[in-house]
Visitor: 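Starting off with a structure, shown below.
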Amino acid sequence: MDLLPHFHREVRAFEAAARRAAAAGGAPPVPSCPGWSVSDLVVHLGSVHRGVAHIIRDRLTGPPDACDPAFSAGLPEDTADWPRPEHAPNHGPLPQSLADWFADGAAALEALFRSRAPEEPAWTWSRERTTGFWLRVQTIEAAVHRWDAENALGAPGPVDAALAAEAVDHSFEVMVPWSRTRTAAPPGSGERYRFRRTDGAGVWTVRFDGDDVRSGDGTGGQEACDVEVSGTASELMLFLWGRIPAGRLAVRGDRAVLDRYATLVPPV
């Protein structure tokens, strides 16, 4: 899957949402990111972009240091009216210079992605240590936070179906094991979940056995499960990322098991 067009589209849509907030003279709260406003969301994603660019550009062999001067590159001389993370939620107004800063960082990261082969080595927090991993992660993160920003301002658009399906794969293959390790989640008791896409081909199963997470479905969705959740690829992705409730999806089976999903895979 060519992720670059998706990255470009999602960061531009996020920028547009940020500029809408700036033009309106305020920074509304982000319901899906408690404790943050749209301004805080812009600072977060813009900082992440600069950190990832630093890793790729300078070929770091470990995590970047937030105190590294690379993080302040491109800052305007006057940031007195910018939101301060320690004061979150910052309710605005969102400075146009902050939106400009975000756009510059997103463009620089996109240029790096275009200039580097996906298989080129790069430090990551995962076992997969390639530039392509960062492209996939940052495209998904941009889509999620674009949805967050649009949701704070009004009606959010869905995530592209192909990208959302890729994100569901990524969730079970990467994010679920990582989240469980990072948060010391409780052991599973054999809970079996099926997620079925309704706007195209796609069935995913995941089983929690102790500390093991087993995903995949080679049975065409016929394997026994405790609960099945059905929705569009975008809806499944947004549910798995904690953006929409199960009530927005079709659920068949044991709802108590579905309720335990958030405990087995805590947000990080």
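Both backbone and side-chain heavy atoms feed into the values below; hydrogens, waters and symmetry mates do not.
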Visitor: Rounded to the nearest 0.5 Å, what separation is found between the CG atom of L258 and the CD atom of E228?
Guide: 11.5 Å
Visitor: Rounded at 0.5 Å granularity, tell me how far CZ in R50 sits from CG in L45.
Guide: 10.0 Å
Visitor: Is it true that E235 and R248 have a side-chain N and a carboxylate O under 4.0 angstrom from each other?
Guide: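 So E235 does not pair with R248 through a salt bridge.
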Visitor: CG/L135 to OG1/T130 distance, rounded to the nearest 0.5 angstrom?
Guide: 9.0 Å
Visitor: How are the rings of F102 and F14 set relative to one another: parallel (under 30°), tilted (30 to 60°) or perpendicular (over 60°)?
Guide: tilted
Visitor: State yes or no: are the ring centers of F7 and H49 separated by less than 6.0 Å?
Guide: yes
Visitor: Looking at CD1 of I244 and CE of M237, how far apart are the two atoms once the value is rounded to the nearest 0.5 Å?
Guide: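 Nearest 0.5 Å value for the CD1-CE distance: 10.5 Å.
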Visitor: Going by heavy atoms in the side chains, are D40 and P85 under 4.5 Å from each other?
Guide: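 The answer is no, as the side chains (C-beta and beyond) never meet within the 4.5 Å cut-off.
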Visitor: Run through T205, D209, D226 and flag the one making a side chain to side chain donor-acceptor pair (under 3.5 Å) with R192.
Guide: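 The side chain to side chain donor-acceptor pair (under 3.5 Å) with R192 is passed solely by D226 among T205, D209, D226.
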Visitor: Do L98 and L153 share a hydrophobic cluster, counting only Ile, Leu, Val, Met, Phe, Trp and Tyr and linking them when any side-chain heavy atoms are less than 4.5 Å apart?
Guide: no
Visitor: Angle class for the H145/W36 ring planes (parallel below 30°, perpendicular above 60°, tilted otherwise)?
Guide: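 Tilted.
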Visitor: Is the closest side-chain heavy-atom distance between D100 and R19 below 4.5 Å?
Guide: yes
Visitor: Any side-chain heavy atom of W204 sitting closer than 4.5 Å to one from V229?
Guide: no
Visitor: Regarding R197 and D199, does a basic nitrogen lie under 4.0 Å from an acidic carboxylate oxygen?
Guide: yes
Visitor: Flag yes if L112 and V48 sit in one hydrophobic cluster, no otherwise; membership is Ile, Leu, Val, Met, Phe, Trp, Tyr, and two members link when side-chain heavy atoms are under 4.5 Å apart.
Guide: yes
Visitor: Is the ring pair F133/H170 parallel, tilted or perpendicular, if the boundaries are 30 and 60 degrees?
Guide: tilted
Visitor: Quiz question: by atom type and distance under 3.5 Å, do the side chains of E141 and H44 form a donor-acceptor pair?
Guide: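 Yes - a donor-acceptor pair under 3.5 Å links their side chains.
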Visitor: Measure up the F172 and F195 rings against each other and bin them: parallel (under 30°), tilted (30 to 60°), perpendicular (over 60°).
Guide: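 Because their plane-to-plane angle lies in the 30° to 60° range, the rings of F172 and F195 count as tilted.
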Visitor: I'd like to know if E191 and R260 make a salt bridge, using a cut-off of under 4.0 Å between side-chain N and carboxylate O.
Guide: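 Counted as a salt bridge, because a side-chain N and a carboxylate O are separated by less than 4.0 Å.
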Visitor: Can you classify the ring geometry of W123 versus W134 as parallel (below 30°), tilted (30 to 60°) or perpendicular (above 60°)?
Guide: tilted
Visitor: Do W82 and N90 have side-chain atoms, one donor and one acceptor, less than 3.5 Å apart?
Guide: no
